[in-house]
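Notes to accompany the following structure.
Along the sequence shown, the residues carry numbers beginning at 1.
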Amino acid sequence: MRVEYAFIAESADVQSGLFYVVRGGTDIWSTPPGADFPVPIGPMSFVVRLTGDPMEVGTEVPVEFTVVDADGRSTGVGGTGQIAVAPHAVDRTRSGAALLHFRLGFSIPAPGAYFFELHSSGVRLCQVPFWVLAAPAQVPPAT
C-alpha cells in the first residue's frame, strides 16, 4: 500500500473516485482573537489517494489515522478502517486506487505544528503538516 498524494483543505468531498475541494492546500489555521487553549478548530478535510501492489488485489488492508503534535504525541484524534484493494480497470500490473476523505473537527491544546498521519500495519504511509497560530487579543480602541 502506498500514497499517491495527500493534502489538507478547508473542505473536501469525495464521490465516485473524484474529489471536490474548497481552499485546498490550506495548512495554517488561526484561532479567534484572544481565544484560550484548548481551542476547537475545523472542520478540516484530509484527502488521501492510496494504491496497492498488484499482489494485494483482492485483499483488505488495515489503515489507521491519527493527528499528532510536533513531538509525535497523539492529540486523541484518530480512527481505524479497512481498505479493499481492487483491480485496476485497465492495467493488470496495477491495483485500483482508494480515495479517502477525513473531515475532522477537534480541539487543539496549544499553538504550533501538527500532523495528520495515515498508517497501515505499523508503517506510516503519509504525514500531512498543518499549523495553528494564536491570533493576538484585540485591544479595544482608546476613548
Side-chain angles (χ1 to χ4, degrees), residues 1-89 91 94-143:
M1 184 69 45
R2 67 187 165 284
V3 172
E4 287 192 333
Y5 54 78
F7 64 89
I8 186 173
E10 183 176 293
S11 177
D13 188 24
V14 171
Q15 295 177 17
S16 302
L18 300 174
F19 61 83
Y20 304 86
V21 176
V22 174
R23 290 178 36 102
T26 301
D27 60 2
I28 298 175
W29 300 81
S30 295
T31 66
D36 291 324
F37 284 88
V39 66
I41 63 167
M44 61 177 66
S45 292
F46 299 92
V47 177
V48 181
R49 181 180 160 105
L50 294 171
T51 58
D53 294 323
M55 65 188 172
E56 293 176 305
V57 169
T59 66
E60 290 199 359
V61 178
V63 293
E64 66 180 56
F65 74 91
T66 186
V67 176
V68 299
D69 67 13
D71 295 320
R73 292 183 300 251
S74 175
T75 61
V77 177
T80 62
Q82 296 280 331
I83 300 299
V85 182
H88 190 274
D91 186 350
R94 300 177 52 114
S95 78
L99 193 55
L100 308 179
H101 170 236
F102 305 88
R103 184 148 172 85
L104 306 172
F106 49 94
S107 290
I108 288 294
Y114 293 88
F115 302 91
F116 170 87
E117 295 183 342
L118 187 69
H119 298 257
S120 180
S121 301
V123 174
R124 184 174 63 203
L125 300 175
C126 72
Q127 187 181 61
V128 181
F130 64 97
W131 294 266
V132 177
L133 300 177
Q138 291 181 344
V139 178
T143 56

Close side-chain approach of Phe65 and Leu100, heavy atoms under 4.5 Å: no
Applying side chain to side chain contact (heavy atoms under 4.5 Å, CB included) between Val48 and each of Phe116, Tyr5, Phe7, report the one that passes. Phe116
To the nearest 0.5 Å, how far apart are CD1 in Ile8 and CZ in Phe102? 13.0 Å
For Leu50 and Val63, run side chain to side chain contact (heavy atoms under 4.5 Å, CB included): C-alpha distance rounded to whole Å, both residues' side-chain angles, the deciding distance at 0.1 Å, then the answer. CA-CA 10 Å; Leu50 294 171; Val63 293; 4.3 Å; yes
Looking at CD of Gln82 and CD of Glu60, how far apart are the two atoms once the value is rounded to the nearest 0.5 Å? 5.0 Å
Can you tell me how far CZ of Arg73 sits from OG1 of Thr66, rounded to the nearest 0.5 angstrom? 13.0 Å
Looking only at heavy atoms, what is the nearest atom pair of Pro38 and Ser107, with distance? CB-CB, 4.4 Å
Tell me whether Ser120 contacts the main-chain N or O of Pro62 through its side chain, where contact means a donor paired with an acceptor under 3.5 Å. yes
Closest contact, heavy atoms only, Gly52 versus Val85: CA-CG1, 4.2 Å
Test item: Leu133 and Ser30 side chains (from C-beta on) under 4.5 Å apart, heavy atoms: yes
Applying side chain to side chain contact (heavy atoms under 4.5 Å, CB included) to Val132 and Phe37, what does each step give before you reach the verdict? CA-CA 11 Å; Val132 177; Phe37 284 88; 4.3 Å; yes
Test side chain to side chain donor-acceptor pair (under 3.5 Å) applied to Ser45 - qualifying residues, sequence neighbours left out: His101, Arg103
Within this structure, what is the OG-CE distance for the pair Ser95 and Met1, rounded to the nearest 0.5 Å? 6.5 Å
Is the side chain of Ser11 donor-acceptor paired with the backbone N or O of Val22 at a distance under 3.5 Å, no angle test? no
Go through it in stages, so that I can follow the logic: the residues are Phe106 and Ile41, the test is side chain to side chain contact (heavy atoms under 4.5 Å, CB included), and I'd like the CA-CA distance, side-chain angles, deciding distance and then a yes or no. CA-CA 6 Å; Phe106 49 94; Ile41 63 167; 4.1 Å; yes
In Å and rounded to the nearest 0.5 Å, what is the CD to CG distance from Gln15 to Leu99? 11.0 Å
Any donor-acceptor pair under 3.5 Å from Thr31 side chain to Ala135 backbone: yes
Measure across Asp71 and Asp69 and return the closest heavy-atom pair with its distance rounded to 0.1 Å. N-OD1, 2.9 Å
Closest non-hydrogen contact found for Ala70 with Phe115 is CA-CE1, 3.9 Å
Distance in Å, Phe130 CZ paired with Asp27 CG, rounded so as to fall on 0.5 Å steps: 10.0 Å
Sub-4.5 Å side-chain heavy-atom contact between Trp29 and Ile108: no
Heavy-atom pair with the smallest gap, counting every atom of Ile83 and Ala98: CG2-CB, 3.6 Å
